[in-house]
Structures are given as C-alpha cells and as structure tokens.
**Q** 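One structure, pasted below without further comment.
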Amino acid sequence: MRWSTDGVLASLSYHYYRSLLRACARGASLADGEKLHATLLKNGLSASPDSFIHNALLHMYAMCGTTSSARLVFDQIPLTHRDTVDWTTLMGCYSRNRMPHDALHLFLDMQGEGVQPDEVTMVCFFNACSRLGDVMCGLQGHPCMIKRGLPFTVTASNAAMDMYAKCGRMADARRVFDEMSERSVVSWTVILAGVVKWEGVENGRILFDEMPERNEIAWTVMIASYVESGFHREAMWLLGDMILSLCLELNHVTLCSLLSACAQSGDMMMGRWVHVYVLKIMDKEMNLMVGTALVDMYAKCGRIEAAYRVFKWMLHRNVVAWNAMLSGLAMHGQGIAVLELFSQMIAEAQPDDVTFVALLSACSHSGLVDQGQQFFHDLGPVYGIMPKIEHYACLVDLLGRAGRLEEAEALVRKMPILPNEVLLGSLLASCSLHGKLQLGESLLQELVQINPLNTEYHFLMSNMYALAGKRDEADSLRLVLKKRGVRKAPGSSCIHVGGQVHQFSAGDKSHPRTQEVYFMLDEMIRRLRLAGYVPNTASQVFSVSESGSHNADEREEEEQLLFSHSEKLALSFGLISTRPSAPLHIFKNLRICQDCHFAIKLVSDIYRREIVIRDRNRFHCFKQGSCSCSDYW
DNA sequence: TTAATTGCCC
C-alpha cells in the first residue's frame with residue numbers, strides 16, 4: 001500500500017518537475033533549472049532509469065547554452081535509453097555554442113551506436129559543417145539524407161543551403177533554393193546573406209528587392225553589407241526604410257551587426273547615429289554586447305577617447321568588453337595605458353587568451369620587450385592559459401621588432417606548434433626592418449610553400465633587395481610577379497568631412513574639388529622639401545623603368561606617382577576643407593607606404609595637425625612630427 | 001529548428 005502511494009507520488013512529481021524544467025528551458029533561466037536539478041538529486045529522483053527526467057534536464061541545459069552540464073546529463077542517460085532526440089539535442093547545443101567539432105564527433109558516435117539520424121539531426125549536422133566552413137564534410141549530408149529517405153523539409157533545405165552559402169558554393173546553394181517547392185523567409189534570407197558575401201552588395205540588393213517578405217534579419221544583412229562596402233548613403237536610406245516599415249525598435253543583435261560593419265569600414269557617421277539611437281531607446285542600462293560593440297567601433301574609427309568614455313560608463317563589463325578596450329588601446333600604440341588598465345581588469349574580470357593577445361601586441365607595438373616576455377612566461381603558471389599560435393606570433397613579433405632576430409628564429413624552431421603564415425609573415429617583416437636578407441630569403445621560401453597565392457611577401461623581399469642596393473635581385477623578383485600577372489591591389493583612402501565620406505584612389509582626378517586638392521598637394525610638397533623631405537622612390541615597388549637604368553624624366557615620373565598616392569590626396573583635401581588645427585582622420589585600405597609615412601610625420605608638424613590614419617591593420621597617430629607606431633608597422 | 005551576433009597576431 002505504502003509502496004504504491006510512493007509510486008503515485010513519485011510519478012506525479014516526475015510530471016511536475018518535467019513541466020517546470022520545460023518552463024526553464026523556454027525562458028532560458030539557468031539558475032532556476034539548476035535549483036530544480038539540485039532538488040532532483042537530493043530526492044534521488046534523477047537516479048531513476050526512466051530517461052524522461054534526463055531528457056528534460058538535457059533539454060533545459062541545452063536551451064540555456066550550458067554545454068558542459070548538458071554533456072554530464074547526456075552521459076548519465078543509459079545507452080539503451082538515449083534516443084535520436086537526445087543525441088540531436090546535444091549536437092544542436094554544441095553547434096549553437098561554437099563547438100562544431102564536438103557536434104560532428106557526436107554525429108559519428110551516434111551512428112557508431114546504431115542510432116539513426118532524422119531530418120532534425122541533419123539540420124544540426126549541416127549547421128556544424130557551415131560553422132566549420134567544411135564543404136567536404138557538408139557535401140556528404142545530401143546523399144546521406146537521400147539514402148535514408150529523410151524528407152527535405154523547408155528547414156532541412158535551409159540548413160543545407162546555408163552550409164553551401166557559407167562555404168562559398170553559391171551554385172549549389174541556388175540549386176537547392178530553386179528546387180524547393182515551398183520557401184520561407186529564412187530561405188530567402190540565407191540566399192541573401194550568401195549573395196552579399198560572395199557576389200557583392202549590388203547583386204544582393206536585386207535579390208532583396210525581389211523578396212516576397214522581409215524580416216529584420218534580411219534588412220540587417222542588407223544594411224550591414226552596404227556599410228561594409230562603403231555605400232554610406234544607401235545604408236542610411238535603407239536603415240530609415242527599415243525602421244519605418246517594421247515599426248519596431250532595433251534589437252541588440254541588429255545594433256551589434258551594424259556597429260561591427262561600421263568598425264570594419266570606418267563609417268563613424270553611421271556608428272555615431274547608432275550610438276545616439278541606443279541612448280534614446282535604452283532607458284536603463286546599456287546592453288553589454290552593444291556597449292562592447294560601441295567601444296570597438298569608436299576604437300577602430302580612430303576615436304580612442306570616445307571608446308574609453310563608453311567603456312567607463314558601462315556598469316557591467318565582462319572579459320569581452322575589457323578585451324575590446326585593451327586591444328583598441330594596443331592598436332593605437334598606447335602600450336603603457338594597456339598595462340595600467342590590465343592591472344585594473346584583474347580585480348573585475350578573469351583575463352583569457354584574447355586578453356593576452358592584446359597585451360602582447362601592445363608590448364610589441366610600444367617596444368616593451370621585457371614586460372612582454374614576462375607576460376608570455378606567466379601565461380601558463382600564473383594565469384592558467386595554454387599559449388596558442390597567436391601568442392607565439394606576438395612574441396616573435398616583439399623580439400623581431402626589437403632586432404633580436406636570432407632569438408625570434410630560435411623560438412619559432414623550438415615552439416611546440418607548427419608556425420603559420422601570419423607568424424612567418426611577421427618575422428619576414430622584421431627581417432625587412434633590420435635588413436636581414438638571408439633569413440628573409442629562407443622565410444620567403446617557406447611562405448611560398450604555405451600560401452603560393454599570396455604575393456605580398458615577394459613585394460616585401462624585393463623592397464629589401466632594393467634598399468640593400470641589390471638591384472638585380474630586386475628586379476628578378478619583380479619579374480616573377482610581373483610574369484604571373486600580379487598587380488598591386490589599387491590603394492584608396494577615405495576621409496570624413498562634414499558628414500560625408502570622400503574617397504580618393506591613387507592619381508584620382510574625379511573629386512569635384514580636384515583642382516584645389518592638387519594645388520594644395522603642390523604647396524604641401526614644396527613645404528615638405530623645405531623641411532628636408534626627399535621623395536623615397538625605393539619604396540615604390542614597381543618602378544616606371546623596366547631596364548633598371550634611370551633618366552631624369554623617369555625619376556620625375558616616379559616622383560609624381562609617389563605624390564599622388566591616395567593618402568596624400570585625402571590629406572590635401574582634409575587640409576583645405578577643415579578648420580585649422582582640426583584633427584584629420586583617414587582610412588586606407590592597404591598598408592601605408594614608407595614615403596607617405598615619412599611625409600605625413602612632417603605634415604603633422606608643419607601644419608600643426610593631429611592626423612590619424614587607419615591602415616589595413618593598425619593606427620598611425622601622427623603628432624608633432626612623430627608617429628605612435630614608432631616607425632614600425 | 002534554421003537566418004544577422006561584441007574582443008584576436010602580419
């Protein structure tokens with residue numbers, strides 16, 4: 001009698017707990033879910049061989065994104081009770097939480113145990129492949145579904161399409177899209193995201209206009225793509241349309257996407273607009289992610305003080321927010337500020353591997369060799385962080401910049417990780433700085449093996465030869481590039497003046513105020529020469545002359561080419577279109593050349609201007625004749 | 001259950 005009452009009670013409680021756990025899963029309230037789990041453990045209810053409490057727990061942890069707890073619960077489910085749904089739930093959890101490798105492992109384990117995947121499992125499979133960018137793996141999904149006779153639901157087709165689109169196989173993605181008998185908004189949005197990424201923003205717009213209906217994600221993809229491609233005006237128009245036609249507030253994911261696009265393209269006008277919008281709609285506390293995206297945006301737009309102001313006002317700051325602030329300062333060459341801020345950070349957040357990438361790169365950009373080495377040595381023993389390739393790359397960079405190339409090379413040869421392209425490339429750049437031809441040559445050989453398509457290193461090496469007076473070697477290397485039909489990507493620079501973006505390419509004559517710009521340029525060069533500037537034609541990688549012998553006309557032509565570099569044009573325009581002593585902010589798509597760097601240092605002194613130039617990978621802050629990069633970049 | 005999601009070495 002007693003036994004049966006307990007049984008009834010127990011079964012009642014199972015249902016009770018299960019519905020509570022489902023509520024936690026729906027609301028993603030991990031704290032309540034964990035309390036329920038603890039209660040279950042205390043009452044011994046979770047020891048039941050019946051798996052449905054486990055299922056509910058697994059589902060709850062998976063929905064809350066707590067992968068480790070989800071795995072623990074999963075492992076406790078007896079093998080005989082683990083069904084397709086359990087495996088799929090955990091796979092989806094791994095995939096969503098950026099652990100696609102684990103998701104794929106689980107997929108294999110599942111089949112090893114003889115459990116059959118269903119179409120939902122395949123959605124998770126495609127998703128994991130798409131996050132990994134692994135087409136070879138993803139390609140097997142399609143035949144796998146056909147073999148098992150699984151239905152191509154709208155969701156499954158979307159997931160397959162997304163995998164193809166993320167891996168750049170647009171033809172395959174479109175084939176799936178065309179063959180779908182029914183399409184959802186998501187189907188259109190997935191194709192749209194693929195098109196703007198691989199086929200350009202204009203083709204994306206054509207598709208966007210064709211869409212039968214649009215959700216906020218489609219709008220966001222389209223606008224962010226405009227911003228990233230520098231279509232400032234179109235982006236602003238479309239953002240206005242989006243707000244009007246959706247009649248709702250932009251959510252934090254949309255705001256982050258837009259800010260990230262602004263940071264990438266240096267569109268500070270749009271970034272500032274988003275900031276104002278955020279302040280208007282967020283009555284209480286600013287969303288942590290939006291705050292972090294703002295810090296990053298301001299830092300990458302050259303406004304490091306504005307970034308710091310936002311950072312200071314954030315009430316809660318996690319490790320990501322701190323990292324954004326630290327790497328922003330590092331990019332700006334403010335090494336000492338990074339070290340100071342780091343000591344404050346320790347009290348508030350646990351530093352992670354990214355923190356140390358920022359710290360080490362700050363040390364390297366500011367020549368703080370000893371501190372950098374100390375941080376690297378402390379990584380494991382003090383902070384419990386496994387050094388990754390990025391950390392080794394920073395240390396190699398640190399030693400290389402300081403001219404300690406033998407130590408840097410020794411480190412590369414004895415480190416436990418295989419060196420990658422970035423690391424060897426930075427070592428080659430150090431060789432170039434210190435004129436180490438021999439090491440440079442052997443590094444170039446290695447780099448060609450790793451990535452035969454990247455020709456940047458040939459340019460670097462040929463410059464080294466030219467600077468060392470080895471004209472023949474330099475020319476033969478240039479000839480190799482010429483034979484392969486390699487041309488340097490066209491350089492272009494943007495400057496924001498009066499709420500508008502003005503773009504200049506090398507030798508550009510299309511700007512409405514071109515005459516004034518070139519007049520200013522001449523005047524600038526004249527004053528530069530008076531201050532001791534000598535055009536550095538050695539930094540010109542492809543000279544006008546093919547033979548190597550130079551006559552006076554050719555030299556003049558080379559100099560003219562040098563003077564019309566896009567950053568010099570943008571600078572001239574900035575000087576004539578802003579009030580005296582206003583700081584100038586310029587964005588350049590490539591790395592700034594030696595000649596421009598030297599010239600701009602002088603300009604900052606002669607014209608008493610602060611000039612901030614964002615190049616492809618860092619900032620140059622020119623002030624009173626010197627640059628924050630200490631002449632190494 | 002799928003789509004846009006803050007920080008990263010040259």
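Each chain gets a letter, A, B and so on, in the order the sequences are listed, and its residues count up from 1.
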**Q** Using a cut-off of 4.0 Å on non-hydrogen atoms, how would the nucleic acid contact of A:Asn215 be classed: base, sugar-phosphate, or nothing?
**A**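 Answer is base: heavy atoms of A:Asn215 come under 4.0 Å of a base.
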**Q** Name all pairs fulfilling the salt bridge (Lys or Arg N to Asp or Glu O under 4.0 Å) condition that reach into residues 287-308 of chain A, sequence neighbours left out, sorted by first residue then second.
**A**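 Only A:Asp296-A:Lys300 qualify under salt bridge (Lys or Arg N to Asp or Glu O under 4.0 Å).
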**Q** So, is A:Lys166 close to the B:dA4 phosphate, meaning a side-chain N or O under 4.0 Å from OP1 or OP2?
**A**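 So the side-chain polar atoms of A:Lys166 do come within 4.0 Å of the phosphate oxygens OP1 or OP2 of B:dA4, strictly under.
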**Q** From the options B:dC9, B:dA4, B:dT6, select the nucleotide whose nearest atom is closest to the side chain of A:Thr292.
**A**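 Taking heavy atoms from C-beta onward, the closest nucleotide is B:dT6.
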**Q** Between B:dT1, B:dC10, B:dC8, spot the one nearest the side chain of A:Val354, thanks.
**A**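 Side chain of A:Val354 sits closest to B:dC8.
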**Q** Check this one for me: any side-chain N or O of A:His316 less than 4.0 Å away from OP1 or OP2 of B:dT6?
**A**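 Checking B:dT6 against A:His316, no side-chain N or O comes under 4.0 Å of OP1 or OP2.
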**Q** For a quick check of understanding: with a heavy-atom distance under 4.0 Å over all strands, which category does A:Ala393 fall into, base, sugar-phosphate or nothing?
**A**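 Touches a base.
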**Q** In whole angstrom, what separates A:Leu423's CG from B:dC10's P?
**A**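 Atom-to-atom, A:Leu423 to B:dC10, this comes out as 11 Å.
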**Q** From CG of A:Asp353 over to P of B:dG7, roughly how many Å is that when rounded to an integer?
**A**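 The distance from CG of A:Asp353 to P of B:dG7 comes to 14 Å, rounded to the nearest Å.
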**Q** May I ask you to check whether A:Asn323 and A:Asp352 show a side-chain donor-acceptor distance below 3.5 Å?
**A**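 Note: A:Asn323 and A:Asp352 side chains meet the donor-acceptor criterion.
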**Q** Would you call the rings of A:Phe342 and A:Phe375 parallel, tilted or perpendicular, where under 30° means parallel and over 60° means perpendicular?
**A**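 Judged by the thresholds at 30° and 60°, the geometry between A:Phe342 and A:Phe375 is perpendicular.
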**Q** For a quick check of understanding: with a heavy-atom distance under 4.0 Å over all strands, which category does A:Val221 fall into, base, sugar-phosphate or nothing?
**A**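 Sugar-phosphate only.
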**Q** Between the side chains of A:Thr155 and A:Asn158, does any donor sit under 3.5 Å from an acceptor?
**A**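 Checked: A:Thr155/A:Asn158 side chains show no N/O donor-acceptor pair below 3.5 Å.
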**Q** Using a heavy-atom cut-off of under 4.0 Å over every strand shown, decide if A:Asp352 touches base, sugar-phosphate, or nothing.
**A**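 Result for A:Asp352 = base.
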**Q** Can the ring centres of A:Phe619 and A:His365 be said to be less than 6.0 Å apart?
**A**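 No.
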**Q** Which part of the nucleic acid does A:Thr189 contact within heavy-atom distance under 4.0 Å: base, sugar-phosphate only, or nothing?
**A**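 Touches nothing.
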**Q** Which of these nucleotides, B:dA3, B:dT6, B:dC10, is closest to any side-chain atom of A:Arg131?
**A**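 Nearest to the side-chain atoms of A:Arg131, counting from C-beta on, is B:dA3.
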**Q** Expressed in angstrom and rounded to an integer, what is the separation of A:Met163 atom CE from B:dT2 atom C1'?
**A**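 Value for this atom pair: 14 Å.
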**Q** Rounded to the nearest Å, what distance is computed from the CD1 atom of residue A:Ile417 to the P atom of nucleotide B:dC9?
**A**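 Taking atom P of B:dC9 as the reference, CD1 of A:Ile417 is at 16 Å.
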**Q** Hey, does the side chain of A:Arg96 come within less than 4.0 Å of B:dT2's phosphate (OP1/OP2), counting only N and O?
**A**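 Checking B:dT2 against A:Arg96, a side-chain N or O does come within under 4.0 Å of OP1 or OP2.
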**Q** Output yes when at least one side-chain N/O atom of A:Asn251 is less than 4.0 Å from OP1 or OP2 of B:dA4, else no.
**A**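 So the side-chain polar atoms of A:Asn251 never come under 4.0 Å of the phosphate oxygens OP1 or OP2 of B:dA4.
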**Q** For the pair made of CG in A:Leu427 and P in B:dC9, what is the distance, rounded to whole Å?
**A**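 Going from CG in A:Leu427 over to P in B:dC9 covers 17 Å.
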**Q** Does A:Asp353 have any salt bridge (charged side-chain N to carboxylate O under 4.0 Å, His left out) partners at least two apart in sequence or in another chain, and if so, which?
**A**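 With sequence neighbours excluded, A:Asp353 shows a salt bridge (charged side-chain N to carboxylate O under 4.0 Å, His left out) to A:Lys388, given in chain and number order.
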**Q** Taking only the side-chain heavy atoms of A:Thr220 (C-beta and beyond), determine which of B:dC10, B:dA4, B:dG7 contains the nearest atom.
**A**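 Nucleotide nearest to A:Thr220's side chain: B:dA4.
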**Q** Heavy atoms from C-beta onward define the side chain here; which of B:dA4, B:dT2, B:dC10 lies closest to that of A:His365?
**A**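 Taking heavy atoms from C-beta onward, the closest nucleotide is B:dC10.
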**Q** What is the distance, to the nearest angstrom, from the CG atom on A:Asn323 to the P atom on B:dG7?
**A**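 After rounding, the reported distance stands at 10 Å.
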**Q** Assign A:Thr254 to base, sugar-phosphate, or nothing according to its heavy-atom contacts below 4.0 angstrom with the strands shown.
**A**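 Base, at least one base atom sits under 4.0 Å.
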**Q** Which nucleotide, B:dA4, B:dT2, B:dT6, lies nearest any side-chain atom of A:Ser257?
**A**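 Of the candidates, B:dA4 comes closest.
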**Q** Tell me which nucleotide among B:dT2, B:dT5, B:dC8 gets nearest to the side chain of A:Asn158.
**A**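 Nearest nucleotide to the side chain: B:dT2.
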**Q** Check the distance between B:dC8's P and A:Asp296's CG and give it to me in whole angstrom.
**A**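 Going from CG in A:Asp296 over to P in B:dC8 covers 6 Å.
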**Q** Please report, rounded to the nearest Å, how far the P atom of B:dT6 is from the CG atom of A:Leu288.
**A**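 Answer to the nearest Å: 13 Å.
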